[in-house]
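Report on one structure; see the data block that follows.
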Amino acid sequence: MHGCVLLLGLLLAALAPSADGRATAPNRTVLILHSNHQGYEWTDRQAAGIAEVLAASAPDAVAISYYLDWKRFPDRAGVDLLQALIALRHPRGQIDVIVTTDDAALQLGLKLRQEVYGPIPLVYDGVQVDVARAMTAGDPAVTGVVESRDVAGTIDMALAANPALRHLFVVRDGTESGTVLDDEIREAMAAGLLPAVRDMQILENMPFARLQEKLSSLPPDSAVLLGNYATDAKGAVLAPQQYLALMSKASSAPIYGLEDYLLGHGIVGGSLKSAYEHARAVGALTAKLLNGMPVAELPVERRRSVVRAVDYRQAERYGIDVTRFGPLDRLINKPFSFMETYRWLVVTVGGVVMLLFGMVLVLSFALRERWMAEAALRVSNDALSDSRRQLQAKVEELIASKEALRERERWMRLVAEASRDIIWTWDIVKDRRVLSGRVEELLGVDSLSINSLAAWFDRVHPDDRAHAEEELCRHLSGELPEYRVEYRVRHRDGRYLWLYATGKALFDEQGHPTMMGGSYTDITAQKQQQARLDHLAHYDSLTGLPNRLLLERHVDRLIADNRACGQAGSLALLFLDMDNFKFINDGFGHKAGDELLAMMGQRIGKGAGEGLFIARLGGDEFVVVVQGGDACAPVEVARRMEQALAAPFLVEGQNFYVSCSIGIARYPWDGRCFDDLLQNADTAMYRAKDNGRGSVCTFTADMNLNVVERMQLLSRARQAFDRQSFTLHYQPQVATADGRVRGFEALVRWTDSELGPVSPDRFIPVCEDSGLIVPLGLWVLETACIEAVGLGCRGAGDVTMSVNMSAVQLAQHDFVPRVLEILARTGLPPHRLELEITESQMIGSLDAAIGKLNALRQAGVHIALDDFGTGYSSLTYLRTLPINTLKLDKAFINDVHRRPDARSMVLSISRIAHDLSRSVVAEGVEELAQWEALSLMGCDLIQGYFVSRPLPADRIDAFLAAWEERRARLPVARDDVVVGIPSAAATRPPSPVS
């Protein structure tokens with residue numbers, strides 16, 4: 001019966017609604033740290049006590065538990081790893097309260113607060129008061145329940161069981177928790193709480209076998225007090241319950257304990273500290289913190305959560321009468337006695353039997369009276385039967401009507417609940433509104449809180465309220481047949497939802513509105529989708545800048561405003577295109593390209609200045625609209641943007657140096673509509689690229705002719721490549737040391753049927769911009785390698801073949817494997833191929849280019865730096881680039897035999913190159929005097945018209961034969977003579993065959 005009453009009470013409490021009807025608090029996170037392992041009974045009871053109180057007092061709290069396993073593995077390194085794991089899984093800001101059990105967990109919790117979570121509240125359990133005070137150092141954000149065991153109470157129970165007790169043996173291990181027991185005994189003795197015993201011995205940290213032997217020989221007036229014992233002196237580790245069972249089996253004296261988890265495992269009993277009750281106190285402190293109470297109002301508690309408990313079976317074993325212990329909180333293992341256990345039930349059943357007998361007597365007299373009354377009533381019953389039949393018919397009719405009404409009500413409720421809308425009715429006379437349950441789901445508020453028109457319109461957005469009220473008034477006045485309007489309504493959390501409100505009113509005979517009903521439909525998603533579509537239609541998704549459509553509208557509006565004012569105001573379009581962006585996209589991937597474009601859009605905005613309209617057309621093309629100012633304003637804006645783009649862009653760990661070509665078209669001189677202005681600005685941009693990239697150019701009328709010529713040249717070049725109209729010529733390279741031919745440079749040539757011979761300076765840039773240079777370059781490389789192999793087979797020796805590489809080719813992600821594939825396919829040894837690059841090809845992707853060149857050099861391919869001295873930072877490249885050969889530009893060679901300053905510069909460059917183990921090639925040598933000067937100054941190879949013009953493949957053999965006759969007449973450099981200064985040739989490395 002007691003159990004039924006308790007169960008009924010719990011059910012009523014669970015079903016009872018919240019007293020204030022408010023929503024529960026949001027989830028809070030509690031980090032629980034246990035010093036010992038899961039399965040250790042003391043720790044499990046602590047965890048159960050904390051969890052039970054949190055579930056009852058803070059049901060929304062999320063508890064996360066970790067176990068240090070300190071008793072079995074007291075290793076600080078393991079605790080540090082656990083700390084790192086907790087910090088990784090639960091970063092700062094995700095933990096609201098830390099709860100610790102025992103000393104090791106408290107130490108970790110304090111360290112987590114110091115290094116990870118900051119001064120969040122911490123609640124500790126199972127720590128001695130002195131230890132807790134020393135560890136927390138008066139931290140105001142730390143509270144807890146300090147550990148306190150009832151040593152005096154347990155010894156009192158031992159004396160009550162055996163008044164002749166004279167010897168008390170205290171068993172404990174050498175752990176910190178074990179040695180604390182000594183302090184507790186001394187404190188109790190100093191306070192006069194322990195009765196005098198003749199002998200008290202501490203059996204400290206003994207080997208277990210010796211401890212068993214000692215316990216088996218104790219005198220009859222002895223008792224054993226068990227402290228912490230999980231590890232013996234030899235390091236054996238067992239659960240305390242296992243040790244206790246073995247101790248109890250061997251001990252000749254009763255064993256008393258201090259913790260309730262030992263009950264039932266071999267102790268007789270004692271005033272036992274309850275881990276469960278202790279942890280419930282900790283759980284209560286934690287729940288108060290989670291429910292908003294400041295930690296300053298929760299001082300550290302010192303309580304004795306103990307139970308007086310006895311194991312009947314152990315007491316009987318030692319001949320102890322359990323009644324000697326006095327009142328007990330718990331008695332276990334007592335044999336079952338029906339009368340003793342169910343005495344109240346026997347008494348109750350006997351009373352019930354007597355009561356039933358009395359009731360039978362009363363009922364027998366009542367039945368006799370009833371029989372007499374029934375006879376009288378039978379007469380009147382017949383008279384009432386007719387009336388009853390008549391009433392029955394009416395009742396059945398009313399029941400049928402009631403069932404029909406209920407059915408209609410169920411249907412209406414089903415429709416309202418199944419609808420995704422809010423169904424509402426409004427009693428206009430009483431101003432009372434009733435709304436369906438979707439109100440709380442959509443708006444987060446109870447429908448009773450908005451049961452009037454004023455309360456509803458109070459939640460409507462201030463910008464929409466006037467329009468919504470106006471439409472309602474127009475419908476109620478009869479002006480509109482229905483009420484339909486869209487407006488925003490405030491959610492409980494402050495955000496606004498879009499609703500589509502519909503409704504219709506009922507009017508009385510005088511035409512006054514009396515009732516109104518309708519629905520509210522949530523159209524927030526549709527509104528957001530429409531807003532997203534509008535943004536995507538007018539803005540670039542990558543940079544967030546306006547797109548071409550919005551740019552066109554903006555420019556058309558400015559032109560229309562100028563025309564409406566009757567005057568042509570200043571207006572210019574600046575068309576920006578990133579130089580060599582295609583190389584970055586191809587070499588580093590579209591992800592890096594997209595990130596670079598986004599950063600570039602920000603830089604353009606900062607460089608252009610405030611108030612200017614900036615748009616992205618697509619790819620790497622941007623447009624800036626400059627309105628007002630003088631004629632120089634567009635150029636000034638362009639210069640500011642050039643300065644803003646000068647700094648490198650850091651993308652995925654790679655520095656990119658980016659330049660832009662900018663074309664300018666002005667209204668109305670360069671176009672009177674948007675399309676004309678944009679097209680002419682684009683044309684001016686291409687002229688800027690032709691002028692050397694990274695420059696600014698303003699549109700002029702003659703530029704359209706250049707665009708047409710460029711497109712024609714590109715079309716003819718594609719046809720020439722498809723028809724294999726390109727050819728290769730080869731210019732020899734001769735060593736100054738002995739005059740022998742050491743290599744050839746492959747040069748591409750094109751003669752068009754309509755345009756005639758086309759200079760490489762004209763068609764190479766067109767091929768680079770269109771991407772045609774990639775297949776053309778691979779063809780040149782493969783054809784040159786085949787010719788080099790053929791020369792070797794025809795007796796020319798291990799001559800080197802030099803091939804020029806375009807920046808577009810070098811930017812390809814598969815550039816290195818394609819080169820190695822061609823070498824493997826043609827059979828040319830890698831050391832006989834030399835790839836020529838220029839300094840300008842490094843700009844924008846120096847690190848990536850160096851990586852590719854290093855890969856080729858490791859494979860044996862030689863690298864030459866062409867046009868040295870005409871680029872950006874030549875001496876820097878000599879040190880950083882993995883090159884074998886330095887090619888001096890013709891500009892250094894022209895006056896080397898006539899001007900001392902030219903000779904000094906060439907001499908200095910040669911010495912620097914040789915000190916860095918680089919060979920030197922002089923290009924553009926046309927006279928014998930140049931040959932003589934250069935050979936004396938340390939140039940290793942000579943190339944130019946003095947040796948030979950570029951030759952088609954079928955004339956190379958004839959040249960080689962003629963050169964051998966001419967070579968004998970050439971002056972050869974002496975090792976001990978250098979122009980201007982003593983020779984360093986004796987220490988110079990020999991010229992490589994490259």
Please determine whether a side-chain nitrogen of the Lys or Arg among Glu471 and Arg484 lies less than 4.0 Å from a carboxylate oxygen of the Asp or Glu. no
Please determine whether a side-chain nitrogen of the Lys or Arg among Arg433 and Asp427 lies less than 4.0 Å from a carboxylate oxygen of the Asp or Glu. no
Please check if the number of heavy atoms outside Gln510 that lie under 6.0 Å from its CD is greater than 12. yes
Side-chain ion pair, Arg616 and Glu621, N-O less than 4.0 Å: no
Can Gln46 and Asp125 be counted as having a side-chain donor-acceptor contact under 3.5 angstrom? yes
Taking the six-membered ring for Trp, is the centroid-to-centroid distance between Tyr520 and Trp498 below 6.0 Å? no
Start with the C-alpha distance between Ser449 and Asp446, add both sets of side-chain angles, then the distance that settles side-chain hydrogen bond (donor to acceptor under 3.5 Å, both in side chains), and finish with yes or no. CA-CA 6 Å; Ser449 64; Asp446 189 86; 5.5 Å; no
Heavy-atom side-chain contact between Tyr496 and Val489 under 4.5 Å: no
Would you tell me whether Tyr276 and Glu52 have side-chain atoms, one donor and one acceptor, within less than 3.5 Å of each other? yes
Please enumerate all residues that pass ring pair (Phe, Tyr, Trp, His ring centres under 6.0 Å) together with His90, with sequence neighbours excluded. Tyr66
Flag the pair Leu574 / Val623 as yes when at least one side-chain heavy-atom distance between them is below 4.5 Å, and no otherwise. no
Any chance the side chains of Trp456 and Asn451 put a donor and an acceptor closer than 3.5 Å? no
Partner set under salt bridge (charged side-chain N to carboxylate O under 4.0 Å, His left out) for Glu479, not counting sequence neighbours: Arg474
